[in-house]
Protein chains: 2
Amino acid sequence: MDNQLLSFTEENYLKIIYLLTERHNGNEVSTNQLAEHTQTKAASVSDMLRKLAEKNYINYRKYQGVTLTEAGEQIALGVIRKHRLWEVFLVEKLGFGWDEIHDIAEQLEHIDSKELTKRLDDFLENPKFDPHGDPIPDAKGKMPSVSYQKLSEIALNQSVVMMGVSVHSPAFLQHLDKQQINLGCGLKVLEISDFDKSYSILLDGKTTIFVSNEVAKNLLVSIDE
Amino acid sequence: MDNQLLSFTEENYLKIIYLLTERHNGNEVSTNQLAEHTQTKAASVSDMLRKLAEKNYINYRKYQGVTLTEAGEQIALGVIRKHRLWEVFLVEKLGFGWDEIHDIAEQLEHIDSKELTKRLDDFLENPKFDPHGDPIPDAKGKMPSVSYQKLSEIALNQSVVMMGVSVHSPAFLQHLDKQQINLGCGLKVLEISDFDKSYSILLDGKTTIFVSNEVAKNLLVSIDE
DNA sequence: ACAAAATTTTAGACTAATCTAAAAATATAT
DNA sequence: ATATATTTTTAGATTAGTCTAAAATTTTGT
């Protein structure tokens with residue numbers, strides 16, 4: 001208990017606002033989007049937004065949407081940092097699969113102790129990315145900028161490295177496991193089917209696999225050089 | 001999230017009832033005692049007891065006190081198991097001192113995931129005691145029985161081993177650290193002062209230290225054989 | 001451009017957990 | 001043994017977070 005300024009619930013709203021804003025390239029987040037992601041109703045979201053705006057954690061324009069203030073962003077990044085560090089712990093130390101860790105990390109991210117976070121970070125050897133390839137904000141509250149591309153936007157025969165996923169559902173992650181698509185593996189798009197836009201991909205320069213367009217859109221890669 | 005049957009608060013009440021009942025050798029716990037340990041008022045405790053009794057987690061006799069039902073005890077032991085496992089993690093893996101871990105474990109004990117607890121237990125190599133010497137209930141919800149004695153009840157010149165503490169305050173634990181009194185060390189009472197009941201103790205068969213009666217009453221030991 | 005649809009906010013209510021003040025029950029002390 | 005003190009419970013309020021239904025605002029489609 002270092003400084004429980006905000007409730008579990010308030011922290012969650014700020015985290016979700018951060019992640020949705022990021023996904024929308026900095027554009028305002030709507031009430032309905034928040035309702036969907038917080039598993040509540042729009043009316044409840046409106047109430048909470050009024051409260052968070054009063055406390056100066058968000059910029060709230062009625063009917064228009066919200067963005068985080070600097071104070072709100074710092075809270076959000078702190079929560080996201082803890083979430084991602086704990087995910088590394090669960091996979092690297094406890095041997096969980098990357099598809100099993102989200103719900104547990106959703107709980108652990110609210111544990112309040114600066115010292116714990118610091119020691120956990122050191123124990124994990126200061127990881128820069130979580131098991132899904134997402135960057136881990138640093139202790140100062142700065143999110144590293146990463147620029148990955150969707151596999152679906154890469155030119156044919158361009159060698160790339162698998163760096164992350166833009167969907168974290170267990171079903172999607174298990175699907176990747178079955179196809180042996182892991183972080184760090186080499187990928188090269190050989191062909192895109194005219195029929196269903198599915199992809200033929202050379203995996204690690206060895207085997208050819210086939211993935212749907214839906215999968216290709218959610219694989220984040222960087223050019224291999 | 002395996003089965004969040006109870007709220008954070010309800011879990012806490014059951015845990016505290018367990019620990020106080022244990023401390024009173026199975027006797028009923030009073031409303032005022034609970035108010036003190038939950039940092040609330042007696043009126044709030046009464047409300048919660050009515051609720052817990054309705055759900056059959058406690059045996060509640062108005063004005064008399066409470067004990068746990070079998071169901072309540074299972075919940076309490078699950079929370080205590082998690083608390084003590086996390087304490088082992090904090091000390092053994094993250095290098096915290098035994099005086100720094102209580103508040104953090106108070107939060108971690110409510111993380112709800114059977115699989116996490118199981119993997120944490122294995123990761124820690126199935127410890128049987130926490131860093132204060134308290135026994136860790138097993139996965140089946142059974143508390144190992146241990147029988148330690150207070151150092152203040154041990155005969156002069158009897159060699160004993162330091163096994164635990166009956167007070168967990170940071171101040172007390174830090175005091176022991178300064179005197180180099182740790183779990184597992186050997187102790188032998190050489191003399192008790194007539195003047196202030198303070199103890200001369202031979203530590204690990206090497207150095208003589210002096211501790212107050214108050215300290216001697218809160219050191220748990222077992223006969224060295 | 002404006003009617004219909006969709007979204008968002010407000011109003012009023014509910015639950016969990018807490019509080020203070022007052023009433024009821026139990027314990028204590030001469 | 002009974003008056004006094006202590007403890008516990010009840011009654012009535014409060015706060016955080018949620019809900020449904022209705023009102024207000026914005027967006028969309030022709």
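Model, not experiment: these values are computed from the prediction. Below, chains carry the letters A, B, ... as their sequence lines are ordered, and counting in each starts from 1.
- Counted within 6.0 Å of CD on B/E125, heavy atoms from surrounding residues, nucleotides or ligands total 12 or fewer; the atom is thus considered open.
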Nucleotides 8-16 of chain C: protein proximity per nucleotide (B base, S sugar-phosphate only, - neither; heavy atom, under 4.0 Å): BBB-----S

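- A/Y13 comes within 4.0 angstrom of sugar-phosphate atoms only, judged by non-hydrogen atoms across all strands, and of no base.
- For B/D47, the salt bridge (Lys or Arg N to Asp or Glu O under 4.0 Å) partners at least two apart in sequence or on another chain are B/R50.
- For the pair A/N12/A/H110, a side-chain contact is recorded, criterion being any heavy-atom separation below 4.5 Å from C-beta on.
- Between the CD atom of B/Q39 and the P atom of C/dC19 there is a distance of 10 Å, given to the nearest Å.
- For an aromatic pair to be called close, the ring centres must be under 6.0 Å apart, and B/H83 with B/H102 satisfies this.
- When the P atom of D/dA16 is taken as reference, atom CG of A/N12 falls 18 Å away, rounded to whole Å.
- Considering only heavy atoms from C-beta on, B/D121 comes within 4.5 Å of B/R81 through its side chain.
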